[in-house]
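First up is the structure itself, then whatever we jot down about it.
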Amino acid sequence: MNDATMVEVVLPGTVEPEGLRLRRAAVPTAGPGQVVVRMEATGVSFAEQQMRRGRYYDQPPFPFVPGYDVVGTVIATGRGVPAALAGTRVAALLKVGGWASHVVVDAADAVPVPDGIGAAQAETLVINGITAWQMLHRTARVRAGQTVLVHGANGGVGSVLVQLARAAGAQVIGTASERHHAALRERGVTPIDYRTENVPARVRALAPGGVDAVFDHVGGRSAVDSWHLLAPGGTLVAYGSASTRDDQGSKQWPVLKLLGRVWVWNALPNGRRASFFNVWAGKALSRSRFRARLRADLTEVFEALRRGEITADIAAELPLTRVAEAMRLAESGTVAGKVVLRADAS
């Protein structure tokens, strides 16, 4: 792919992965305050899986280019952006637009990737790393000696979360299918098979006084169980409704129902706290504060990787033109880590 032509993936509607379309166009130009990033790595996260089904809470109308985040090299700068930024590898959180060989990004949203970290490595830690870091340190404020429960401990966010929690000195219980248990034990996590075991009963046996924090991406009944597993003073951090991924009907209802439960739980006088985590919270109120926090937190995540406290779990790397295969693989539930898309070499 040369720098005169770009390729991007278009989601035309609620289609099977094979319904994703490739579109070629001229490489975009950078406007004032913007940069053009030549994509080196993007990825398939749960958000795109929901968008494909029309189930993501605030996705744009079809058709659009998915891609929650991107890592690549700045190849052009717009007016007001230092020309020296060209040639720098950066990461950016986008929500949509990352599944393209070239992406226009506001320069203020581009976070430098430290030397020694590859593009695919960095990609696994953008949305997953920011989410895990902010939930652990900003929302739940987990401290050494506490015990936490992480649902989906082998997943994109969960795998980063358990490592960050262990690095913070917490004891970690993690749910995952049995084939991931050996890897979790190597990370110091006590695994529970959510398919064959009674999760609440096992957690109570392991933590009779309750856990200090639960991180729940499942929603529905799981969120209710998670709330009841909290110790006094504990925090439930809900950050999704994976259990409703394949449901029909309103995509807003599962989130609104969960938000209602969070409001009710927080009104109870029992010292426990519930939160629905949204990585975009606060952006509308103060874009500069949001950007500063995101930059600081992603930098912390990259430094944790450099220190060896966390690893970049890459499940597979596929070229952008094989996006349907990548989506199928990510949705299969058989992989550990993130499915990464890279720009085609040609």
Side-chain angles (χ1 to χ4, degrees), residues 9 11 37 39-52 55-60 64-72 89-100 103 105-106 109-113 117-139 150 152 154-164 215 217 237-242 245 276-283 290-291 293-302 304-305 310-317 323 326-327 330-331 335-342:
V9 177
L11 179 59
V37 176
M39 186 271 282
E40 296 175 59
T42 182
V44 184
S45 62
F46 186 70
E48 290 95 6
Q49 297 173 39
Q50 288 184 299
M51 289 178 187
R52 180 179 74 74
R55 301 291 302 170
Y56 192 75
Y57 181 77
D58 59 350
Q59 69 187 74
F64 63 92
V65 177
Y68 218 88
D69 50 20
V70 67
V71 174
R89 175 175 283 165
V90 297
L93 191 63
L94 306 170
K95 188 180 286 187
V96 294
W99 287 5
V103 181
V105 177
D106 285 348
D109 292 326
V111 180
V113 176
I117 298 178
Q121 287 181 301
E123 161 54 33
T124 68
L125 296 173
V126 184
I127 181 56
N128 292 343
I130 291 168
T131 299
W133 180 274
Q134 292 187 347
M135 290 195 304
L136 187 78
H137 291 294
R138 292 190 181 273
T139 305
V150 177
N154 65 293
V157 173
S159 60
V160 181
L161 191 49
V162 298
Q163 294 178 86
L164 288 174
F215 301 92
H217 71 300
V237 186
Y239 65 105
S241 56
R245 186 188 73 175
F276 185 84
F277 178 82
N278 176 9
V279 73
W280 301 101
K283 185 175 183 180
F290 172 85
R291 284 169 162 164
R293 185 176 62 180
L294 187 146
R295 181 177 295 261
D297 293 346
L298 185 52
T299 300
E300 291 276 10
V301 170
F302 285 151
L305 176 65
I310 59 175
T311 58
D313 293 340
I314 302 169
E317 290 185 60
V323 64
M327 178 73 90
E331 294 186 358
V335 297
K338 191 163 188 180
V339 176
V340 174
L341 293 164
R342 61 175 186 269

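Note: hydrogens, waters and symmetry copies are ignored here, and every other heavy atom, side chains too, is used. Each residue takes its place number in the sequence, starting with 1.
Taking Asn154 as the reference, Ala176, His180 meet the side chain to side chain contact (heavy atoms under 4.5 Å, CB included) condition, with sequence neighbours excluded. Scanning for side chain to side chain contact (heavy atoms under 4.5 Å, CB included) contacts around Arg293 gives Gln134, Arg138, Phe290, Asp297, with sequence neighbours left out. Not counting sequence neighbours, the partners of Tyr239 by the ring pair (Phe, Tyr, Trp, His ring centres under 6.0 Å) test are His217. Annotation: side chain to side chain donor-acceptor pair (under 3.5 Å) contacts of Asn128 (sequence neighbours excluded): none. Ala304 meets the side chain to side chain contact (heavy atoms under 4.5 Å, CB included) test with Leu164, Arg307, Glu309, Ile310; sequence neighbours excluded. Partners of Glu40 according to the side chain to side chain donor-acceptor pair (under 3.5 Å) rule, which considers only residues two or more places apart in sequence or in another chain, are Thr73, Arg89. Evaluation of the side chain to side chain donor-acceptor pair (under 3.5 Å) rule for Tyr68 yields Tyr56, Trp280 as partners, not counting sequence neighbours. For Ala100, the side chain to side chain contact (heavy atoms under 4.5 Å, CB included) partners at least two apart in sequence or on another chain are Met6, Glu8, Val103. Contacts of Arg342 classified as salt bridge (charged side-chain N to carboxylate O under 4.0 Å, His left out), with partners at least two apart in sequence or in another chain: none. Legend: residues meeting side chain to side chain donor-acceptor pair (under 3.5 Å) with Arg291, ordered by chain and number and at least two apart, are Asp106, Asp109.
Of the possible polar contacts, one joining the Glu48 side chain to the Ser45 backbone as a donor-acceptor pair under 3.5 Å is found. Counting only distance, with no hydrogens or angles, the side chain of Glu123 and the backbone of Gly43 share a donor-acceptor pair below 3.5 Å.
The two residues Val126 and Ala91 have their closest heavy-atom pair at CG2-CB, 3.9 Å.
With rounding to the nearest 0.5 Å, the separation of CH2 in Trp99 from CE in Met39 is 10.5 Å. Here CD1 of Ile130 is found 12.0 Å from CH2 of Trp133. Values are rounded to the nearest 0.5 Å.
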Report the C-alpha distance between Val44 and Leu341 in whole Å, list the side-chain angles of each, state the deciding distance to 0.1 Å, and finish with yes or no for side-chain contact (heavy atoms from CB on, under 4.5 Å).
CA-CA 7 Å; Val44 184; Leu341 293 164; 4.1 Å; yes
Test side-chain contact (heavy atoms from CB on, under 4.5 Å) applied to Arg52 and Glu331, step by step
CA-CA 11 Å; Arg52 180 179 74 74; Glu331 294 186 358; 2.9 Å; yes
